[in-house]
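Report on the structure given below.
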There are 2 protein chains.
Amino acid sequence: MTKEDTRNRLIEAGARIVHEKGFRDTGIKEILEAAGVPRGSFYFYFKSKDEFGLALVDFYAAFLAAMMDRHLEAPGIPHIQRLKGFFDEIAAYFGARGCTGGCPVGNMAQELADDDETFREKLKRAMAGMEERMAACMRAAAHGGELREGMDPAETAAFILNSWEGALLRMKAEKSLEPLVLFDRMVFSVLLRS
Amino acid sequence: MTKEDTRNRLIEAGARIVHEKGFRDTGIKEILEAAGVPRGSFYFYFKSKDEFGLALVDFYAAFLAAMMDRHLEAPGIPHIQRLKGFFDEIAAYFGARGCTGGCPVGNMAQELADDDETFREKLKRAMAGMEERMAACMRAAAHGGELREGMDPAETAAFILNSWEGALLRMKAEKSLEPLVLFDRMVFSVLLRS
């Protein structure tokens with residue numbers, strides 16, 4: 001095991017626990033235990049819990065970006081359907097885990113954005129990364145004539161991303177997939193209908 | 001000062017602090033201090049911190065419901081414009097407070113829904129109360145021919161509420177009113193355009 005391997009194991013374990021419990025409520029001890037890393041060695045891998053938290057945001061953002069890219073770059077499918085494929089995969093994921101957790105990036109933004117500028121900037125960039133991917137998809141859709149006349153691709157993408165964050169929050173409150181089903185219907189059958 | 005007066009003062013002080021810091025990070029001591037109520041007397045007014053938290057959700061929900069009703073019952077204005085008036089007032093409020101805080105009900109849902117069924121049920125009902133008011137507005141709009149053919153009033157209301165929660169979350173992450181401005185434009189000039 002290299003230092004890098006162990007560091008990654010801590011991030012993966014932390015990503016799981018923080019997604020369930022929130023960042024502030026998660027203790028360093030339980031991360032070490034879940035990762036099977038000796039107690040007391042956390043600061044060998046991270047300067048502080050905050051540095052660890054910032055690495056978690058990068059981890060979540062990279063995970064979501066990879067999943068998004070897999071859908072948005074799928075060949076032979078209309079661009080709007082590619083975006084729908086991403087949301088469908090996420091909805092299936094939450095269906096399998098009882099509609100808990102919500103968006104890990106959104107959660108951390110809710111919890112930390114007001115208190116800590118470093119976290120806020122990092123979270124802002126993570127969301128901007130998702131938005132830019134979706135905007136590229138909407139631009140390609142517009143170019144291919146899939147988007148209705150007069151709809152701005154970048155604004156549409158940002159609105160869809162923000163609405164989806166809200167749908168995930170409501171899913172947690174309802175413990176039901178219905179907010180995601182409604183999001184899908186309103187975005188793909190009403191807002192983006194051709 | 002009656003017991004009821006003091007209880008209300010604690011709720012008002014708590015509502016302010018919890019909106020800024022979150023429920024778990026707010027201590028009973030600082031609520032008592034902010035309300036000017038003697039230390040050690042909290043449990044004379046509330047059985048537990050959770051009972052206090054549930055009263056806070058009621059307080060936030062009643063506050064938002066009253067503000068919504070004021071707009072939605074305004075006479076002589078098209079129904080869709082009444083709803084826009086509510087969102088405009090909230091946007092002005094956040095503009096004045098530096099785009100921090102976000103939706104107090106959404107925040108508590110994000111923080112507590114997964115951990116505590118009593119809170120989740122209470123928060124779910126608070127959101128359902130907002131949704132029902134907006135659905136009544138959308139039904140009246142549909143009845144008056146303000147809503148486009150084929151748009152379901154209840155679904156449209158739920159989608160708008162959830163999207164707004166997401167826009168408020170993004171506002172916190174961006175520390176900018178832009179997500180609320182975009183929400184307004186996409187909802188009122190694209191989704192609900194006549």
Side-chain angles (χ1 to χ4, degrees), chain A residues 19-22 24-25 98-103 105-115 117 119-121 123-128 131 148 150-152 155-156 158-176 178-180 182-183 185-187 190-191 193, chain B residues 19-22 24-25 98-103 105-115 117 119-121 123-128 131 148 150-152 155-156 158-176 178-180 182-183 185-187 190-191 193:
Chain A
H19 191 197
E20 280 169 22
K21 298 180 55 176
R24 294 262 164 77
D25 278 350
C99 301
T100 61
C103 175
V105 176
N107 291 351
M108 287 184 86
Q110 194 75 279
E111 185 182 355
L112 302 166
D114 281 351
D115 304 342
E117 272 298 296
F119 269 105
R120 190 181 70 73
E121 280 293 339
L123 290 156
K124 179 181 161 175
R125 279 198 302 276
M127 289 182 168
E131 180 179 319
R148 271 187 292 140
M151 285 190 77
D152 183 87
E155 292 199 344
T156 303
F159 177 71
I160 290 174
L161 173 62
N162 299 351
S163 296
W164 180 59
E165 288 290 341
L168 288 169
L169 172 58
R170 193 79 190 277
M171 173 197 77
K172 270 175 79 163
E174 299 277 321
K175 242 186 191 168
S176 156
E178 182 47 35
L180 296 190
L182 176 66
F183 166 83
R185 197 155 57 230
M186 290 296 294
V187 167
V190 180
L191 188 70
R193 83 192 179 291
Chain B
H19 192 197
E20 280 170 22
K21 299 180 54 177
R24 293 262 165 75
D25 279 349
C99 301
T100 61
C103 175
V105 175
N107 291 351
M108 288 184 87
Q110 195 76 278
E111 185 182 357
L112 302 166
D114 280 351
D115 303 341
E117 272 298 296
F119 269 106
R120 190 181 70 74
E121 280 293 338
L123 291 156
K124 179 181 161 175
R125 280 198 302 276
M127 289 182 168
E131 181 179 319
R148 270 187 293 141
M151 285 192 77
D152 183 86
E155 291 199 343
T156 303
F159 176 71
I160 290 173
L161 173 62
N162 299 351
S163 295
W164 181 60
E165 288 290 341
L168 289 169
L169 171 58
R170 192 80 191 275
M171 172 196 78
K172 271 175 79 164
E174 300 277 322
K175 241 186 191 170
S176 156
E178 181 48 34
L180 297 189
L182 175 65
F183 166 83
R185 197 155 57 229
M186 289 297 294
V187 167
V190 179
L191 188 69
R193 83 192 178 293

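Within every chain, numbering begins at 1; the chains are lettered A, B, ... in the order of the sequence lines, protein sequences first and strands thereafter. Computed from heavy atoms alone, side chains included, the values below leave out hydrogens, waters and symmetry copies.
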- Message: Students often mix this up, so state it plainly: with edges at 30° and 60°, are the rings of Phe183(A) and Phe159(B) parallel, tilted or perpendicular?
- Response: tilted

- Query: chain B: which of Met127(A), Glu111(A), Arg170(A) shares the most heavy-atom pairs with it under 4.5 Å?
  - Reply: Arg170(A)

- Query: Relative to chain B, which of Pro179(A), Gly22(A), Gly101(A) shows the most heavy atom pairs under 4.5 Å?
  - Reply: Gly101(A)

- Which answer fits Asn107(A), side chain, backbone, both or neither, if we ask what part of it has an atom under 4.5 Å from a heavy atom of chain B? both

- Item | Contacting region of Ile160(A) [heavy-atom separation from chain B under 4.5 Å] | neither

- Who passes side chain to side chain contact (heavy atoms under 4.5 Å, CB included) against Arg125(A), sequence neighbours left out? Glu121(A), Lys122(A)

- Item | Glu117(B): partners by side-chain hydrogen bond (donor to acceptor under 3.5 Å, both in side chains), with sequence neighbours left out | Lys175(A), Arg120(B)

Heavy-atom proximity to chain A below 4.5 Å, by part of [X]:
| X | answer |
| --- | --- |
| Glu178(B) | neither |
| Asp152(B) | neither |
| Met151(B) | side chain |
| Leu168(B) | neither |

- So, do Gln110(B) and Lys172(A) sit near enough that their side-chain heavy atoms are less than 4.5 Å apart? yes

- Message: Quick one, Thr156(B) and Met186(A) - any side-chain contact, counting heavy atoms below 4.5 Å?
- Response: yes

- Note on the structure: Taking every heavy atom of Glu20(A) against every heavy atom of Asp115(B), the minimum-distance pair comes out as O-OD1, 4.2 Å

- Here the pair of heavy atoms bringing Leu169(B) nearest to Ala109(A) is CD1-CB, 4.0 Å

- Item | Euclidean distance, Leu123(B) CG relative to Glu174(A) CD, rounded to 0.5 Å | 11.0 Å

- Message: So that I can tick it off, tell me whether Arg185(B) and Glu155(A) are bridged by a salt bridge, with the cut-off set at under 4.0 angstrom between side-chain N and carboxylate O.
- Response: yes

- Which of the residues Lys124(B), Lys21(B), Glu165(B), Met108(B) is involved in the greatest number of heavy-atom pairs with chain A at under 4.5 angstrom? Lys124(B)

